[in-house]
Every structure is written in structure tokens, then in C-alpha cells.
> 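First the structure, which I've put down as C-alpha cells, then a few questions once you've had a look.
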Amino acid sequence: MFPQTVFPDTALVDPHGQLVIGGCNTLELAEEYGTPVYILDEATLRARCRSFLQEFQQRYSATTVDYAAKAYINPALARIFQEEGLGLDVVSGGELAIAQSVGFPLEKVTFHGNNKSREELAQAVEHGVGIVAVDSFYELDLLDRIAADARKVQEILIRVSPGVDPHTHVHTTTGILDTKFGFSIQTGHAAEAVRRAVAASNLKLLGLHFHLGSPIFELEPYRLAIDLVLRFAAGLREEGLELEMFSPGGGFAIAYTRDEEPPAIGDYAEAIVSTMTSTCDELGMAQPRLIIEPGRSIIGPAGVALYRIGAIKDIPGVRKYVSVDGGMGDNIRPALYQAVYEVVPAGKMDQDPTEKVTIAGKYCESGDLLASDIMLPEMEAGDVLAIPAVGAYCPSMASNYNLNPRPPIVLVNNGQSRLIRRRESYQDMMLCDVV
Ligand code: LLP
């Protein structure tokens with residue numbers, strides 16, 4: 001059975017049992033662009049941008065949606081997000097440079113990160129980045145000095161850590177006490193940061209930010225943390241904190257497997273907006289502008305990776321390894337987070353699964369497995385496998401491990417395909433080497 005819920009909106013199986021995305025046959029895409037290749041469905045990508053804007057703004061019109069660029073960004077995609085009316089959340093000078101390269105309006109950019117460098121902060125101040133989310137006392141002082149040197153006043157948010165566990169992978173949990181991110185409310189550091197920010201002559205404190213982790217399948221952590229952070233803010237009114245802006249970050253979950261059912265975008269919107277507005281009312285606070293920062297939930301479902309099968313190794317009574325031409329270099333998530341993906345046979349979608357196999361990558365590590373013990377029809381060398389829900393944090397975390405070139409990215413829409421990143425060459429990989 002075709003697990004439609006984990007594929008892009010336009011995915012379908014044609015009468016020959018072949019997988020089609022954005023009106024393009026995936027076997028033909030694999031032929032034309034080579035494998036491995038990442039396919040992004042433009043219709044799904046744009047629809048998800050629009051859903052976020054709509055679901056939040058119909059409940060609370062003063063909402064800004066910033067796309068979290070770390071999920072994946074390149075110049076072509078930055079243009080699409082700009083066209084759709086989104087802002088950007090960046091976490092490095094490199095992501096900021098992508099925004100600059102296409103003339104993305106920098107006043108719609110928020111700069112995050114727990115250890116931004118002096119150069120990165122100067123780049124942000126100089127080019128007019130809208131908001132810097134300040135994460136440490138070190139950064140608070142550094143940014144104030146940089147802004148003073150540039151004779152500017154930089155608008156900032158203070159990133160707090162509310163001490164709420166979102167029940168996700170420990171590597172992607174960010175809002176608890178024991179985390180490198182943000183100022184803890186519990187330890188008093190957050191209150192001290194607000195006082196120092198109010199006193200800083202070249203910073204203008206607009207409000208507070210937190211981000212609990214990712215992906216978050218529950219609504220309760222958002223409700224709890226929003227309530228807690230707003231109460232914290234109310235306690236600092238006398239000290240000069242006027243909450244003009246408020247951000248509960250991103251972290252919205254997507255379905256990776258057929259049996260996962262994350263909340264709908266509207267469910268997250270309802271939980272966030274209703275908690276924020278009712279708590280502000282109760283505390284007698286003016287309603288702030290709301291900023292949300294979805295990354296995974298915008299680009300994740302739009303992406304499908306295509307691989308071609310090569311070697312097959314059957315160890316009788318133990319395991320059958322089916323090896324593909326990509327692996328941990330283009331998708332590190334199974335190795336890093338034990339992430340589980342669906343895998344489908346792009347050219348044999350009408351055949352029943354008959355055997356249990358493990359999908360191995362081509363990298364020199366035993367842990368380079370894309371999926372373990374999954375059911376597929378009988379596969380042979382040359383067949384194409386498709387892995388859905390890979391749009392977020394796969395291309396962006398890709399590496400040149402074993403000096404394999406990183407795959408190309410192809411945008412599909414209405415039967416047309418367009419390369420938005422070409423495959424790396426061996427020359428590309430040696431560009432920075434000095435002999
Ligand atoms: N805002 C802030 C401040 C963040 O740190 C993040 C993600 C986001 C927004 C976007 O979260 P999203 O909506 O994409 O879940 N590499 C991991 C995910 C790391 C997320 C880091 N921060 C993974 O592959 O699951």
C-alpha cells in the first residue's frame with residue numbers, strides 16, 4: 001500500500017506502478033539527473049508556507065512566519081520563501097549570505113545561534129538584519145559594542161530557556177535547564193539578561209524568544225512554556241521589559257512513517273495563539289507580535305530522495321543487505337538520531353512486498369544504514385528506491401564523507417523539473433585544497 005501521508009501532495013502511482021511527483025515520473029528523473037538525487041515538490045513547499053500563514057493569521061493577524069533556514073536553504077528556495085511572504089531565521093553568516101545573495105529583505109531576518117562570532121554579528125549589524133536573538137551575556141556585550149561602533153541601535157530578542165521538556169530526541173532538545181541554548185529562567189540568568197539588555201545603550205529589546213526542540217509531537221509543551229515565559233515577562237515589566245514581540249520558535253512535527261500522526265498546522269496554531277492571548281489577557285499585558293519559525297514542517301514533506309540499487313548481499317538466516325548509491329553523506333539522520341523512514345520501490349509500486357531487507361548506504365561505516373528490516377518486493381541491481389520526508393535536515397546536513405559528491409536538488413512542478421543545485425564534481429570537492 002502506498003503511504004501517501006508521508007509523500008508530497010502531488011505524489012501518485014501511475015498505471016505502470018511507477019511513482020510520480022509533481023507530474024514527473026521518478027524513474028525518468030533518476031535517469032535524467034542521475035542518483036542519488038533529491039526531488040522537491042514546489043506545490044507542497046508553497047502550500048505549506050501558505051498554510052502556516054493562513055492557520056496562524058486567521059487566528060492572530062499579528063503573526064510573522066520565519067522559515068528556519070537550517071532545515072535547508074539555497075538561493076532559489078530563498079526566492080520562493082520571499083515570494084510567499086515569509087521571513088527567515090538564520091543561524092550563521094553563511095545562511096545570511098544566501099539571503100543577501102538574492103536580495104532577501106534583511107529586515108525580515110532573525111539571527112539565531114548560541115555562539116555567533118564577532119564577524120557574523122558585524123555582518124548582521126552592518127547589513128541591517130532585523131532582529132538578533134541574543135543567547136549569552138558574552139553576545140549581549142559584544143553586540144552592544146559592535147552596534148555602538150557602527151552608530152546603530154540593533155533590535156534584539158532575548159532567548160530564554162523555560163525548562164520545559166518537549167519529549168523528543170535528546171540531541172534536539174533545547175529548552176531544558178541543561179542546554180547550551182539561551183538564558184535559563186530557573187537560574188535567574190534570563191532576568192539578569194533582560195535587565196542588561198534594557199540598560200544597553202545600542203540595543204533595543206523587543207521581547208523574548210524560546211525554542212523547545214524538534215520535532216515536537218505534543219501540544220502541551222508549547223502551552224506550558226508559553227504560559228511560563230509570559231508570566232516571567234510580566235514579572236519584569238517594572239524593570240522595563242515591554243513585550244512587543246514573542247516567539248515560541250519552531251519544532252512542528254511531520255510524519256516520517258505511515259503510522260505517525262503529528263498534530264495539524266492548525267492544531268499548533270490553535271494551541272499557541274489561544275495560550276498566548278488568554279495568558280496575556282489574564283496578566284493585563286498588551287498582545288505582542290507573534291513570530292513562529294517552522295523549518296522541518298515546511299520543507300520536510302516536500303522532499304523525496306531517489307537512489308539506485310547496486311550490490312545485494314544475502315546472509316542466509318541473518319539479513320539481506322540492499323546497497324544504494326547514497327547513504328549517510330546525504331542523510332545522516334538514521335545514524336545520528338535513529339530516525340526511521342519509509343522506503344518504496346519507485347518502479348514497482350504495484351508489487352506486493354515479499355521480503356525483509358535492510359537498506360545500506362555506500363559509505364565505509366557499518367552504521368551507514370538508511371532503513372533496517374523493511375518489507376519490499378524482490379529488488380535487483382538498477383532498481384530505484386524512493387525515501388520520502390527528506391526535505392529537511394538531509395541536504396542541509398549532507399557531507400563529503402569518503403569524498404562522495406553531494407547530490408543535486410531538483411524542483412518539480414506541473415510536469416516540469418528544474419535543477420536548483422547541480423551535483424558536486426570531484427573538482428568542486430578540491431576547490432579549497434592547496435597543494
Ligand atoms: N527556531 C530555532 C531557534 C531552532 O533552533 C530551530 C531548530 C527551529 C526554529 C526550527 O525547527 P523545526 O521547525 O525545523 O523543527 N537536525 C535536527 C533538527 C535540529 C533543529 C535545530 N533547531 C534533525 O534532523 O531532526
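One-based numbering, in listed order, for ligands and for the atoms of each.
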> Any salt bridge between Arg237 and Glu242, counting N to O under 4.0 Å?
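No salt bridge links Arg237 with Glu242.
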> If you measure from the Lys or Arg side-chain nitrogens to the Asp or Glu carboxylate oxygens, is any gap between Arg422 and Asp428 under 4.0 Å?
yes
> Check if Thr174 has a non-hydrogen atom at a distance under 4.0 Å from any atom of ligand 1.
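For ligand 1, residue contact (heavy atoms, under 4.0 Å) with Thr174 is absent.
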> Has Arg159 got any heavy atom lying under 4.0 angstrom from an atom of ligand 1?
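It does, in that a heavy atom of Arg159 comes within the 4.0 Å cut-off of ligand 1.
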> Is Ala71 close enough to touch ligand 1? Criterion: a residue heavy atom under 4.0 Å from a ligand atom.
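So Ala71 does not count as touching ligand 1.
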> Hey, are Lys204 and Glu244 close enough for a salt bridge, meaning a charged N less than 4.0 Å from a carboxylate O?
yes
> Within ligand 1, which atoms have a heavy atom of Gly295 less than 4.0 Å away?
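Every atom of ligand 1 under 4.0 Å from some heavy atom of Gly295: 12 (P), 13 (O), 14 (O).
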> Please identify which atoms of ligand 1 are closer than 4.0 Å to at least one heavy atom of Pro294.
13 (O)
> With a 4.0 Å cut-off on heavy atoms, does Ser297 reach ligand 1?
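It does not, in that no heavy atom of Ser297 comes within the 4.0 Å cut-off of ligand 1.
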> Counting distance only, does the side-chain N/O of Ser214 pair as donor-acceptor with the main-chain N or O of Thr172 below 3.5 Å?
no
> Have a look at His209, Arg296, Met397 and point out the one with the heavy atom closest to atom 25 (O) of ligand 1.
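Result: the heavy atom closest to atom 25 (O) of ligand 1 is in Arg296.
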> Give the atom numbers and elements of ligand 1 that come within less than 4.0 Å of a heavy atom of Gly251.
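So the atoms of ligand 1 that pass are 11 (O), 12 (P), 13 (O), 15 (O).
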> Pairs of nitrogen or oxygen atoms closer than 3.5 Å, one from Ser214 and one from ligand 1: do any exist?
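Looking only at distances, the answer is yes, because the N/O contact criterion of under 3.5 Å is met.
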